[in-house]
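See below for the structure under consideration.
In what follows, every chain begins at residue 1, and chains take the letters A, B, ... in the order their sequences are listed. Hydrogens, waters and symmetry mates play no part in the numbers below; they use all other heavy atoms, side chains included.
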Protein chains: 4
Amino acid sequence: MSGNSFGTLFCVTSFGESHGPAYGGVVDGCPPGLELSNGDLQKELDRRKPGSSRHVTQRRESDAVEILSGVYEGRTTGTAIGFLVKNEDQRSKDYAAIAQKFRPGHADYTYFQKYGVRDPRGGGRASARETVVRVAAGAIAKKWLRQRYGVVVRGHLAELGPHKIAFQSWDAVERNPFFSPNPQVIPVLEKFMDELRESGDSCGARVNVVAEGVPVGWGEPVYGRLDADIAAAMMSINAVKGVEIGAGFAAVLQKGSEHGDEMTPEGFVANNNGGVLGGISTGQHITVSIALKPTSSIRLPRRTLDTEGRPATVQTTGRHDPCVGIRATPIAEAMLACVLMDHALRHRAQCADVTPPVKLEKPKKIN
Amino acid sequence: MSGNSFGTLFCVTSFGESHGPAYGGVVDGCPPGLELSNGDLQKELDRRKPGSSRHVTQRRESDAVEILSGVYEGRTTGTAIGFLVKNEDQRSKDYAAIAQKFRPGHADYTYFQKYGVRDPRGGGRASARETVVRVAAGAIAKKWLRQRYGVVVRGHLAELGPHKIAFQSWDAVERNPFFSPNPQVIPVLEKFMDELRESGDSCGARVNVVAEGVPVGWGEPVYGRLDADIAAAMMSINAVKGVEIGAGFAAVLQKGSEHGDEMTPEGFVANNNGGVLGGISTGQHITVSIALKPTSSIRLPRRTLDTEGRPATVQTTGRHDPCVGIRATPIAEAMLACVLMDHALRHRAQCADVTPPVKLEKPKKIN
Amino acid sequence: MSGNSFGTLFCVTSFGESHGPAYGGVVDGCPPGLELSNGDLQKELDRRKPGSSRHVTQRRESDAVEILSGVYEGRTTGTAIGFLVKNEDQRSKDYAAIAQKFRPGHADYTYFQKYGVRDPRGGGRASARETVVRVAAGAIAKKWLRQRYGVVVRGHLAELGPHKIAFQSWDAVERNPFFSPNPQVIPVLEKFMDELRESGDSCGARVNVVAEGVPVGWGEPVYGRLDADIAAAMMSINAVKGVEIGAGFAAVLQKGSEHGDEMTPEGFVANNNGGVLGGISTGQHITVSIALKPTSSIRLPRRTLDTEGRPATVQTTGRHDPCVGIRATPIAEAMLACVLMDHALRHRAQCADVTPPVKLEKPKKIN
Amino acid sequence: MSGNSFGTLFCVTSFGESHGPAYGGVVDGCPPGLELSNGDLQKELDRRKPGSSRHVTQRRESDAVEILSGVYEGRTTGTAIGFLVKNEDQRSKDYAAIAQKFRPGHADYTYFQKYGVRDPRGGGRASARETVVRVAAGAIAKKWLRQRYGVVVRGHLAELGPHKIAFQSWDAVERNPFFSPNPQVIPVLEKFMDELRESGDSCGARVNVVAEGVPVGWGEPVYGRLDADIAAAMMSINAVKGVEIGAGFAAVLQKGSEHGDEMTPEGFVANNNGGVLGGISTGQHITVSIALKPTSSIRLPRRTLDTEGRPATVQTTGRHDPCVGIRATPIAEAMLACVLMDHALRHRAQCADVTPPVKLEKPKKIN
């Protein structure tokens with residue numbers, strides 16, 4: 001165990017580097033009997049695929065996934081699900097220029113100092129390309145959560161640099177390369193990204209993710225809180241620097257009489273708590289928001305060190321996303337789905353014999 | 001394992017309820033030979049003790065801690081360190097009125113629905129009084145980190161409701177009941193709290209925590225990131241709804257050329273990354289900021305349900321902190337210390353034979 | 001985590017030393033709603049209590065257990081169950097003579113070399129007195145297994161030094177201080193033990209443990225096998241040097257046509273596999289057998305080293321069991337119960353929606 | 001987590017089925033800087049390869065392994081090492097006859113009952129072919145242990161059915177298909193196996209494994225004992241029904257004065273404890289012995305059930321090892337190496353600052 005697995009009962013293990021032969025993952029703990037095919041994973045992988053618009057990295061990867069185990073005659077067997085995604089379009093020569101220098105804001109430096117050695121090609125293990133494994137694993141979790149509990153996990157871009165994006169509809173999200181829930185704003189975003197790309201710089205973003213239909217009771221007390229595990233999962237995504245549940249940092253300015261969601265027999269009247277109280281799901285929507293920092297690989301010259309510790313200037317010319325946040329929506333959804341599935345299993349392990357005593361009348365769900 | 005332990009190698013296990021006989025903890029994995037006494041733990045416990053000013057709960061607890069194992073002749077033996085903190089001032093009758101009702105914004109409801117049973121006295125296991133265990137464990141981590149690596153972990157109140165608190169000095173922090181790093185603002189905070197208390201309402205807060213002196217290299221790739229574990233640890237503190245590392249949500253508005261901290265032979269020229277790149281410590285200060293929601297137990301009448309699901313009105317008259325954020329500073333410090341110590345051990349397990357190749361000249365540290 | 005916890009979902013954490021103030025444990029993951037009192041734990045602790053006959057250590061301990069958390073109004077709440085057993089009859093002066101010497105066959109030496117420091121009083125953390133925690137935790141597991149699944153876990157002495165003990169009845173087991181399932185053999189055992197005690201020497205033993213009523217399906221493939229976890233749990237008991245499941249070492253001499261248990265609609269016709277196939281329970285009795293080495297603290301002079309590495313002679317005069325195997329039966333039962341409960345929870349986490357497809361007609365159970 | 005990973009810091013995750021496209025593994029936690037190539041893994045895989053003599057399964061597999069990540073320019077990078085071994089010679093039609101029946105003594109039945117579904121081809125996940133993953137992972141552990149600590153892990157066949165094999169030399173072991181340390185006995189073993197194969201039956205075996213050069217201090221108290229983890233690792237190998245450390249079951253018949261290994265400044269004078277005291281390595285050889293049951297897939301007709309629960313007769317005609325013990329030596333070595341490496345890392349995490357206080361003079365090592 002050195003950081004490449006997560007989850008207690010629904011456990012994902014990942015390997016691979018940006019310019020190695022392949023990425024791969026192992027999902028252990030999936031219940032048996034779930035219908036599952038390469039196509040189920042591919043559908044989600046295609047959503048985060050590079051090269052899908054001019055606003056993201058132009059690396060050409062089909063990201064074709066192959067399930068190698070754990071599925072027999074179209075159904076999961078309950079044993080470990082191994083899968084591979086081959087790398088096809090490595091252009092390691094792009095990295096010759098930066099092999100001896102650290103990119104400011106990149107893990108180049110910390111990996112080298114931690115391990116005394118690093119794979120400089122494409123960021124090696126630190127590459128955001130590792131998220132193929134998360135998205136593939138998340139596809140399994142999403143499918144099971146929906147079939148078994150009717151849980152739907154989805155997300156959207158909420159801010160792109162200085163542009164706040166007002167939520168309009170979920171339908172809009174899949175119809176543009178930004179995962180924007182608002183079609184009107186697309187021209188603005190496109191213009192902004194075109195200018196950004198031209199400038200050689202990069203920008204930050206905010207992504208919101210929501211899980212609907214989560215039953216009351218998932219999560220554990222004290223340290224094993226559902227929101228604690230969500231926070232870890234989100235912060236583990238490349239470039240994430242902040243995580244909020246429900247009202248998040250806005251709660252600092254709230255009074256208790258405003259923040260504490262009142263209850264009626266129809267359910268909660270608001271959702272400041274983001275669907276989690278005391279670390280346990282309330283039955284409302286789980287709402288999560290994350291901040292993504294701007295890409296560290298930019299085309300502008302920057303002061304840095306070389307691997308000998310001497311001052312240098314670095315400029316990155318490889319193919320990079322000018323805003324990693326644009327492709328982050330399916331990744332954040334995947335991480336939320338994996339955490340929820342893990343807690344669904346953990347909950348029924350301990351509390352399979354419990355029926356929640358309070359029945360609410362057809363509760364209204366509030367985002 | 002059902003939520004009451006955390007940490008991989010420096011592992012803390014906690015038990016106890018607000019109105020049971022005692023809280024207790026077990027710290028497993030502490031290296032042998034560390035000088036340790038009840039006093040080391042008590043010093044930190046006294047910082048978070050209730051009743052220390054009129055702005056916090058008036059429950060009277062000495063919070064006296066007793067180490068029961070793992071220490072011999074004043075030094076840790078490397079075996080499990082068990083300790084107890086007895087409860088002294090339970091007033092369970094305060095809770096008779098709310099035993100059959102759920103407090104809005106409180107875990108009353110979710111515990112009851114998850115387990116089908118709950119200890120309603122003082123919030124039972126969900127009480128913030130559980131944080132005595134974290135603070136005691138954190139005292140061990142703090143001491144070891146300082147002695148072994150010169151790491152100093154400290155924190156301060158950064159916002160109290162609408163009042164932002166400009167950082168002035170660490171010295172100020174321990175001289176007021178708010179952990180405010182700014183003495184000028186104290187009268188304002190006192191007036192605000194007096195009015196808040198009178199109104200029967202509660203407010204939110206923001207707390208900042210910093211670890212200075214952390215060497216480069218702690219943390220693991222991908223899922224075991226140092227910042228991911230910090231995020232989980234912080235989000236597991238009662239009432240926390242948001243966590244930021246470094247620039248946090250401000251990174252959304254930054255350009256890459258602004259956010260990516262440039263490097264010189266004297267070190268980084270800024271610390272937008274909060275001391276973590278790619279999940280691994282950079283050698284700079286680790287900077288963390290958390291949002292705490294307003295206390296859910298308030299004296300104002302609120303709509304809720306009773307345990308039969310019928311509409312009811314609830315008003316909480318027990319002794320509560322009108323702002324849990326006021327006493328949160330030592331708790332957040334403790335959690336950060338525990339995560340850092342865990343990663344110090346994890347790092348040397350795998351990388352004991354590595355010398356970080358790049359030596360910086362007396363690096364400047366930037367908060 | 002440094003060895004003082006075990007179990008994945010039903011997790012036991014232990015602390016305490018032989019001559020410290022107390023032993024304590026934390027059981028995390030117990031389902032809510034189980035009736036539980038101090039008495040449930042005490043009943044099992046009394047079975048392994050020292051001083052109950054002249055054949056075991058004469059240390060006088062009431063071994064009174066107090067539950068400190070996790071139980072409300074007589075039922076488990078689903079939160080961590082903490083408990084304490086105070087030490088009462090420490091006679092640390094007995095150890096003055098051996099504080100500077102290592103007992104051959106004892107962990108004195110390895111603890112000192114591992115940690116550079118040790119608590120020499122009564123073996124410190126290595127004392128078999130730690131098993132109070134196991135037995136208390138096992139009492140919870142036994143009760144839940146019986147109530148929820150009808151599983152009965154029990155054991156007996158099978159060999160005492162050179163004396164093999166033919167199984168006669170379970171009833172006999174609780175009626176003698178040896179946990180012998182055969183009343184006829186008691187006089188022989190008593191005479192043997194009296195002579196052994198007089199000689200100042202010690203002897204080994206074999207204990208058998210059986211779990212009846214375990215449903216088919218508990219256990220996990222490959223590394224998380226039920227029998228692998230049982231083997232670890234048994235080998236973790238002080239003095240255990242060997243573990244067998246089912247036919248055990250006798251399987252070396254069997255042919256496949258003899259060993260492989262045939263099946264009929266009434267169930268298996270034999271139980272060479274000890275109730276486990278491929279790491280998963282078969283629905284038959286789980287049968288386990290363990291070897292316990294002779295006590296290392298004996299009254300005969302032995303060659304050893306002192307803590308400076310100089311040759312010395314050691315002779316142990318404290319109060320010791322001349323055969324640790326005599327009191328091992330309740331401990332082995334406890335460990336088996338804890339592993340089974342852990343796997344019961346693990347199984348229903350993943351496979352709660354599976355109904356075993358093959359129904360056997362009232363299967364005969366074979367020990 | 002559902003059984004397919006093991007190890008705390010040196011963690012191995014496995015996937016694959018006998019008749020799926022491939023087996024694969026992920027080794028997480030390997031220190032950086034270790035020279036590593038496909039050849040290092042292949043060398044060990046070739047030792048356990050099928051088809052290497054007429055006495056083992058005739059399945060033809062090259063067992064060619066490919067490392068997919070975690071190695072850069074011939075050295076480990078500290079990140080996850082993923083590898084694949086493709087299946088080449090699946091003959092699934094062999095299994096048509098048994099797809100609807102359970103083999104007595106096989107996991108066919110328990111997998112089907114646990115999961116409600118199974119991959120019947122070649123035993124699916126329960127196939128002993130999964131041990132390719134263990135052997136590949138063990139090759140990494142062996143190499144690191146030898147380079148970093150001079151630890152040598154090796155094993156040999158000790159009994160084949162009724163034939164006890166007296167140890168003669170390590171050199172002999174690699175020169176015959178039985179891993180026999182005694183060349184004289186080979187003709188006897190060959191004749192025995194030829195007759196056994198002809199009879200359609202199978203037999204059991206015993207394998208001994210030894211680790212030489214393990215420093216004092218590896219292992220943890222109480223539940224995390226080195227021998228407990230070894231026991232689990234061994235019992236997790238297909239067909240293992242018993243595990244002994246040191247004297248093992250022979251300890252039942254020993255007196256304390258015989259069993260407890262005396263010490264002199266040159267070291268221990270015997271090794272009844274098998275190199276482990278109190279769960280911690282003594283610095284002597286670690287000695288382990290395991291019992292392997294006879295293969296359950298035999299050509300003789302046996303009573304069983306079909307998947308509908310009806311009585312049936314089964315006879316297995318696929319290609320099977322008539323004695324799984326013959327190829328078990330490299331597997332047992334691999335498991336021991338993995339456990340030792342895990343504990344080496346765990347030990348230095350906690351005790352990196354400890355120097356063992358007692359220095360022995362050039363200790364004699366006793367097997």
Side-chain angles (χ1 to χ4, degrees), chain C residues 2-4 6 104-105 107 110 113-114 116 125-126 159 201-202 204 206 216-217 220-225 227-228 231-232 235-236 241-245 248-249 251-252 254-257 259-263 277-278 280 291 293-296 298 300 302-305 309 350 354 356-358, chain D residues 2-4 6 104-105 107 110 113-114 116 125-126 159 201-202 204 206 216-217 220-225 227-228 231-232 235-236 241-245 248-249 251-252 254-257 259-263 277-278 280 291 293-296 298 300 302-305 309 350 354 356-358:
Chain C
S2 187
N4 297 292
F6 80 102
T110 50
Q113 293 285 68
K114 179 180 185 71
R125 183 67 180 144
E159 298 181 34
D201 215 335
S202 61
R206 179 194 281 263
V216 69
E220 291 171 357
V222 183
Y223 309 121
R225 279 171 154 89
D227 41 357
M235 196 66 93
S236 83
K241 300 305 286 183
V243 182
E244 296 183 314
I245 307 287
F249 280 89
V252 174
Q254 290 177 313
K255 291 279 171 65
S257 55
H259 179 90
D261 307 314
E262 292 185 300
M263 302 184 72
L277 283 172
I280 298 169
K293 71 177 187 183
T295 316
S296 49
I298 57 177
L300 302 176
R302 311 225 64 211
R303 280 178 296 167
T304 190
L305 301 180
Q350 191 184 13
V354 175
V358 181
Chain D
S2 188
N4 297 293
F6 81 101
T110 51
Q113 293 285 68
K114 179 180 185 71
R125 183 67 180 145
E159 297 181 35
D201 214 336
S202 61
R206 178 194 281 263
V216 69
E220 292 171 358
V222 182
Y223 309 121
R225 279 172 154 89
D227 41 356
M235 197 65 93
S236 82
K241 300 304 286 183
V243 182
E244 296 182 315
I245 308 288
F249 280 90
V252 174
Q254 290 177 313
K255 290 280 170 66
S257 55
H259 179 90
D261 306 314
E262 292 184 300
M263 301 184 73
L277 283 172
I280 298 169
K293 70 177 188 182
T295 317
S296 49
I298 57 177
L300 303 176
R302 311 227 62 213
R303 280 178 296 166
T304 190
L305 301 180
Q350 191 184 13
V354 176
V358 181

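D/V354 touches chain C through its side chain: at least one heavy atom from C-beta onward sits under 4.5 Å away, while N, CA, C and O do not.
Rounding to the nearest 0.5 angstrom, the gap separating the CG atom in D/L277 from the NZ atom in C/K293 is 5.0 Å. With values rounded to the nearest 0.5 angstrom, D/M235 atom CE is found 6.0 Å from C/D227 atom CG.
Aromatic ring pairs are classed by plane angle as parallel below 30°, tilted from 30° to 60° and perpendicular above 60°; the pair D/F6 and C/Y223 is tilted.
Most heavy-atom pairs under 4.5 Å with chain D, from the set C/G260, C/S236, C/G217: that is C/S236. Top candidate by heavy-atom pairs under 4.5 Å with chain D, chosen from C/P221, C/G309, C/S296, is C/P221. Most heavy-atom pairs under 4.5 Å with chain D, from the set C/G105, C/A126, C/G224: that is C/G105. In terms of heavy-atom pairs under 4.5 Å with chain D, the best-connected choice from C/G204, C/P294, C/G278 is C/P294. Looking only at heavy-atom pairs under 4.5 Å with chain D, the residue among C/V243, C/D261, C/T295 that has the most is C/V243. For the set C/G248, C/G242, C/A107, C/G256, the entry with the most heavy-atom pairs within less than 4.5 Å of chain D is C/G256.
In this structure, the side chain to side chain contact (heavy atoms under 4.5 Å, CB included) partners of C/I298, at least two apart in sequence or on a different chain, are C/D201, C/S202, C/L300, C/R302, D/S257. Residues passing the side chain to side chain contact (heavy atoms under 4.5 Å, CB included) test with C/E159 are C/K164, C/R206, D/V252, sequence neighbours excluded.
Judged purely by atom type and a 3.5 angstrom limit, D/E220 has no side-chain atom pairing as donor or acceptor with the backbone of C/N4.
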